[in-house]
Amino acid sequence: MPKAEKDIYEVIPEAWEAVEMFLHVQTQWRADSGVVMGLDYNAVKWMFDLLEVKKPLELLGDLQVIEAKVVETISKRRD
């Protein structure tokens with residue numbers, strides 16, 4: 001596959017809000033000694049407030065699923 005082509009992933013409708021939120025906070029990571037620990041939840045809360053999220057606990061749970069997978073993927077690449 002040529003480098004110019006992008007991978008395309010399907011997102012189920014129920015997960016779309018979490019994906020959109022992740023895109024809003026994708027640069028807000030906590031790291032220690034170069035190791036990514038997880039998202040900066042102060043920044044996540046700020047974005048939830050800014051966007052007036054109606055069900056923050058539900059969205060946070062979904063966002064944490066994405067966060068955990070990203071941290072796992074980054075960790076595997078380091079090894």
Side-chain angles (χ1 to χ4, degrees):
M1 174 178 346
K3 281 189 173 186
E5 289 187 35
K6 299 280 185 188
D7 291 334
I8 298 173
Y9 299 94
E10 184 175 347
V11 177
I12 60 172
E14 297 82 16
W16 190 244
E17 186 178 15
V19 171
E20 286 184 311
M21 183 58 68
F22 179 77
L23 294 174
H24 284 299
V25 299
Q26 67 181 325
T27 60
Q28 304 303 310
W29 292 95
R30 294 274 181 168
D32 184 23
S33 300
V35 177
V36 174
M37 308 302 287
L39 287 170
D40 178 345
Y41 282 24
N42 291 317
V44 170
K45 182 184 182 319
W46 181 80
M47 187 58 68
F48 275 30
D49 292 345
L50 184 67
L51 297 175
E52 299 177 347
V53 171
K54 302 293 184 229
K55 297 181 179 178
L57 290 178
E58 183 178 312
L59 182 55
L60 179 61
D62 294 342
L63 185 61
Q64 287 174 320
V65 171
I66 297 170
E67 173 193 30
K69 191 61 178 177
V70 171
V71 170
E72 176 186 322
T73 302
I74 291 170
S75 296
K76 284 181 182 177
R77 288 183 183 170
R78 287 188 57 140
D79 296 337

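These values consider heavy atoms only, across backbone and side chains, with no hydrogens, waters or symmetry-generated copies.
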If Ile, Leu, Val, Met, Phe, Trp and Tyr residues are connected whenever their side-chain heavy atoms lie under 4.5 Å apart, and connections chain through other members, are [X] and [Y] in the same group?
{"X": "V19", "Y": "W29", "answer": "yes"}
{"X": "V65", "Y": "F48", "answer": "no"}
{"X": "V53", "Y": "V11", "answer": "yes"}

**Request:** Would you check, one step at a time, whether the test side-chain contact (heavy atoms from CB on, under 4.5 Å) holds for W46 with V44?
**Result:** CA-CA 5 Å; W46 181 80; V44 170; over 6 Å; no
In residues 54-63, what donor-acceptor pairs under 3.5 Å come from side-chain atoms, sequence neighbours left out?
none

**Prompt:** Could you state the interatomic distance from OH (Y41) to CD (Q64), rounded to the nearest 0.5 Å?
**Reply:** 3.5 Å
**Distance in Å, K45 NZ paired with D40 CG, rounded so as to fall on 0.5 Å steps** = 12.5 Å
**Over all atoms of both residues, closest heavy-atom pair of E67 and G38** =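 For E67 versus G38, the nearest heavy atoms are OE2-CA, 3.2 Å.
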**Request:** Work out which heavy atom in L39 is nearest to a heavy atom in V25; give both atom names and the distance.
**Result:** CD2-O, 3.7 Å
**Message:** Are there over 12 heavy-atom neighbours, none belonging to E17, within less than 6.0 Å of that residue's CD?
**Reply:**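 No - once you tally the heavy atoms of other residues, nucleotides and ligands closer than 6.0 Å, there are 12 at most.
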**Message:** Counting only heavy atoms from other residues, nucleotides and ligands, does the tally under 6.0 Å from CD of E52 exceed 12?
**Reply:**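 Atom CD in E52 is not packed in, count stays at 12 or less.
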**Item:** Worked check of side-chain contact (heavy atoms from CB on, under 4.5 Å) between L50 and H24
**Value:** CA-CA 11 Å; L50 184 67; H24 284 299; over 6 Å; no
**Item:** Hydrophobic cluster partners of M37 (side-chain heavy atoms under 4.5 Å)
**Value:**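 Its cluster mates, by chain and number, are V35.
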